[in-house]
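Contents: one structure, followed by commentary.
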Amino acid sequence: MSQPVTEILDHLFRRQSGRMVAVLTSILGSRNLSLAEEVVQDSLLRALELWPFQGVPDQPQAWLLRVARNLAHDRLRREASLASKIPELERRLNASAAEAPPVDEHLAMMFLCCYPSLPAQARLCLTLKLAAGFSVAEIGRALLLREDAVAQRIVRAKKQIREENIPIAMPEAGVLPDRLDSVLEALYLMFNEGYSASSGESLLRRVLCDEAIYLTSLLVANPQTALPRVHALLALQYLHAARLDARTDASGDLVLLEDQDRVRWDHHAIALGFRHLDLSAAGDEISAYHIQAAIAAEHAKGQADWHAIVALYDQLCQLQSSPVVRLNRAVAVARRDGPQAGLAAIETIALDPALARYYLLPAVKAALHMETGDTLQAAALYMDALGCPCNAAERRFLERRLAGLQ
């Protein structure tokens, strides 16, 4: 398949599949969530089969909607219990409609996936799968979970939705703030997967970053969900997205933050990040997104103030003391106090099982040992890092570092 077709389908899958599943589910009911998902998947498979040979349609989204409608129509005619849904299906998925499905339905789908009676991890996995178009492998990497565990949680969550007949609708005002947190976490992880892809040849999957920003912008634009922590997450996304072009060189190889050409940073995105960071200051709420956005803002200002950044990480650890956060804090400590201090900070988390296959743990330790002059230990640690899952660009970076020590 030609690259342009691949890119178009990837964009449509990420941007449209969640909306299409949401529309079909709102018509067929949440008991038929799996049916809606199957119809959308089949329409995308049809595109994979036909577009490379027939060309991309002038209105690819309308084409997918038409195919989804026809597939759903065939399924409904074969199932008597769903036959009454055909008129609504025809009305809502009109073959000539080129416009996107209603925004509220996509938001409602995200909140369905995060329904309170579903287990917390299942909510997150389901949101990433149905509303964001993640694969099971991508979800596993993002959550540091095995793929089979992710798949089981999704199957069980969909079964629970079907059995409880959970409605697809925006939450009532009284419960919306609590339910919003799971949606924000899903969007946070979606952006992270795009910012540093878990697998494949490229370091970045810009379409995921764009989709995460788009969906978070929908929440900001909705008066019900335009809360300070939503602005903070959007600020964080914009501030990180501003560096996307500078994160790789012309060959697609990884460029570390300290080596990036700041001329290539998107200063419009930085301005939007600071704007939403200002908007996030309304009220007394301080979330993990506020602190992470503040850290990103420190980097965006120019010369990093490592004392301020370590202090921010100290605050973040009080709210969200994950091993990855503590590893990032250790890097900041190393920049402030030297490599030995950073290594000492890492030792407090080195045995955490969540980091057992996380390539950045040995990679960071290797870089700090290089700074101390211990090249033998650094080489051994880079070998350890190469034994962990990472994308091709990260692997090339590790191989270059290792080759430079030999």
Subject >> Over all atoms of both residues, closest heavy-atom pair of Phe191 and Ala241 >> reply: CZ-N, 3.7 Å
Original post:
With a 4.5 Å heavy-atom cut-off, do Leu215 and Leu219 have their side chains touching?
Top reply: no
Subject >> Expected output: side-chain Gln160 to main-chain Ser117 donor-acceptor under 3.5 Å >> reply: yes
**OP:** In sequence, state the C-alpha distance, the side-chain angles, and the governing distance for Met170 and Asn222, and then conclude on side-chain contact (heavy atoms from CB on, under 4.5 Å).
**Re:** CA-CA 11 Å; Met170 288 293 289; Asn222 188 314; 3.9 Å; yes
Original post:
Quick one: does His290's side chain get under 4.5 Å of Pro228's, heavy atoms only?
Top reply: yes
Subject >> Interatomic distance, Leu180 atom CG to Leu233 atom CG [nearest 0.5 angstrom] >> reply: 9.5 Å
Compile the donor-acceptor pairs under 3.5 Å between side chains in residues 272-280 and protein atoms, sequence neighbours left out, one pair per line.
| residue | atom | partner | partner atom | Å |
| --- | --- | --- | --- | --- |
| His276 | ND1 | His231 | ND1 | 3.0 |
| Ser280 | OG | Leu277 | O | 2.6 |

**OP:** Check the pair Met110 / Leu187 against side-chain contact (heavy atoms from CB on, under 4.5 Å), numbers first and verdict last.
**Re:** CA-CA 10 Å; Met110 288 193 283; Leu187 298 179; 4.3 Å; yes
Original post:
Between the main-chain N or O of Arg179 and the side-chain N or O of Arg123, is there a donor-acceptor pair closer than 3.5 Å?
Top reply: no
**OP:** Check for a donor-acceptor pair, side chain of Asn32 on one end and backbone N or O of Leu35 on the other, with a separation under 3.5 Å.
**Re:** no
Original post:
For Asp74, what residues pass the salt bridge (charged side-chain N to carboxylate O under 4.0 Å, His left out) criterion, not counting sequence neighbours?
Top reply: Arg77
Original post:
Side-chain donor-acceptor pair under 3.5 Å between Arg395 and Tyr359, yes or no?
Top reply: no
**OP:** Identify, with sequence neighbours excluded, every residue that meets ring-ring contact (aromatic ring centres under 6.0 Å, His included) alongside Tyr313.
**Re:** none
Original post:
Residues in ring-ring contact (aromatic ring centres under 6.0 Å, His included) with Tyr289, at least two apart?
Top reply: Tyr188
**OP:** State which residues pass ring-ring contact (aromatic ring centres under 6.0 Å, His included) with His299; sequence neighbours excluded, sorted by chain then number.
**Re:** Trp306
Original post:
Is there a side-chain contact (heavy atoms from CB on, under 4.5 Å) between Asp148 and Val136 once you walk through the steps?
Top reply: CA-CA 8 Å; Asp148 59 341; Val136 169; over 6 Å; no
Subject >> Which residues share a side chain to side chain contact (heavy atoms under 4.5 Å, CB included) with Arg31, sequence neighbours left out >> reply: Arg162, Asn165
Original post:
Quick one: are Leu398 and Leu402 in side-chain contact, heavy atoms under 4.5 Å?
Top reply: no
Original post:
Is it true that Asp352 and Arg326 make a salt bridge, defined as a side-chain N closer than 4.0 Å to a carboxylate O?
Top reply: yes
**OP:** Would you mind checking if Arg264 and Asp245 are paired as a salt bridge, meaning a charged N to carboxylate O distance below 4.0 Å?
**Re:** no
Subject >> Shortest non-hydrogen separation from Gln224 to Leu176 and the atoms involved >> reply: O-CD2, 3.3 Å
Subject >> Contact summary for Ile270 and Ala300, nearest pair of heavy atoms >> reply: CG2-CB, 4.3 Å
**OP:** List the atom of Ala122, the atom of Arg153, and the distance in Å for their closest heavy-atom pair.
**Re:** CB-O, 4.0 Å
**OP:** For the residue pair Arg396 and Leu254, establish whether any side-chain heavy-atom pair is separated by less than 4.5 Å.
**Re:** no
Subject >> Set of residues satisfying side chain to side chain donor-acceptor pair (under 3.5 Å) with respect to Arg229, sequence neighbours excluded >> reply: Asp181, Glu285
Original post:
Which heavy atom of Ser321 sits nearest a heavy atom of Cys317, and at what distance?
Top reply: CB-O, 3.1 Å
Subject >> Glu38: side chain to side chain donor-acceptor pair (under 3.5 Å) partners, not counting sequence neighbours >> reply: Arg75
Result block: side-chain N/O donor-acceptor pairs under 3.5 angstrom for residues 331-351, not counting sequence neighbours:
| residue | atom | partner | partner atom | Å |
| --- | --- | --- | --- | --- |
| Arg335 | NH1 | Glu371 | OE2 | 3.4 |
| Thr348 | OG1 | Ala345 | O | 2.6 |

Original post:
Are the side chain of Ser30 and the backbone N or O of Leu33 linked by a donor-acceptor pair below 3.5 Å?
Top reply: no
Original post:
Considering only heavy atoms from C-beta outward, does the side chain of Tyr195 approach that of Leu244 to under 4.5 Å?
Top reply: yes
Subject >> Value rounded to 0.5 Å, distance of OG in Ser322 from CG in Leu316 >> reply: 7.5 Å
Subject >> CA sep, side-chain torsions, deciding dist, call: Leu128, Val150, side-chain contact (heavy atoms from CB on, under 4.5 Å) >> reply: CA-CA 11 Å; Leu128 290 169; Val150 172; over 6 Å; no
Original post:
With sequence neighbours left out, what residues match Glu37 under side chain to side chain donor-acceptor pair (under 3.5 Å)?
Top reply: Lys129, Lys158
Original post:
Is there a donor-acceptor pair closer than 3.5 Å between any side-chain N or O of Thr372 and the backbone N or O of His369?
Top reply: yes
Original post:
Considering only heavy atoms from C-beta outward, does the side chain of Leu71 approach that of Ser43 to under 4.5 Å?
Top reply: yes
Original post:
Does Tyr115 reach the side chain of Pro171, with side-chain heavy atoms less than 4.5 Å apart?
Top reply: no
Subject >> Pairing residues for Lys301 by the side chain to side chain donor-acceptor pair (under 3.5 Å) criterion, not counting sequence neighbours >> reply: Glu298
**OP:** Provide the closest heavy-atom pair for Ala68 versus Met20 in the form atom of the first, atom of the second, distance.
**Re:** CB-CE, 3.7 Å
Subject >> Atom pair CH2 (Trp51) and CG (Leu44), whose distance is rounded to the nearest 0.5 Å >> reply: 8.0 Å
Original post:
Which residues satisfy the salt bridge (charged side-chain N to carboxylate O under 4.0 Å, His left out) test with Asp314, sequence neighbours excluded?
Top reply: Arg329
Original post:
Heavy atoms, side chains only, cut-off 4.5 Å: are Ile161 and Leu118 in contact?
Top reply: yes
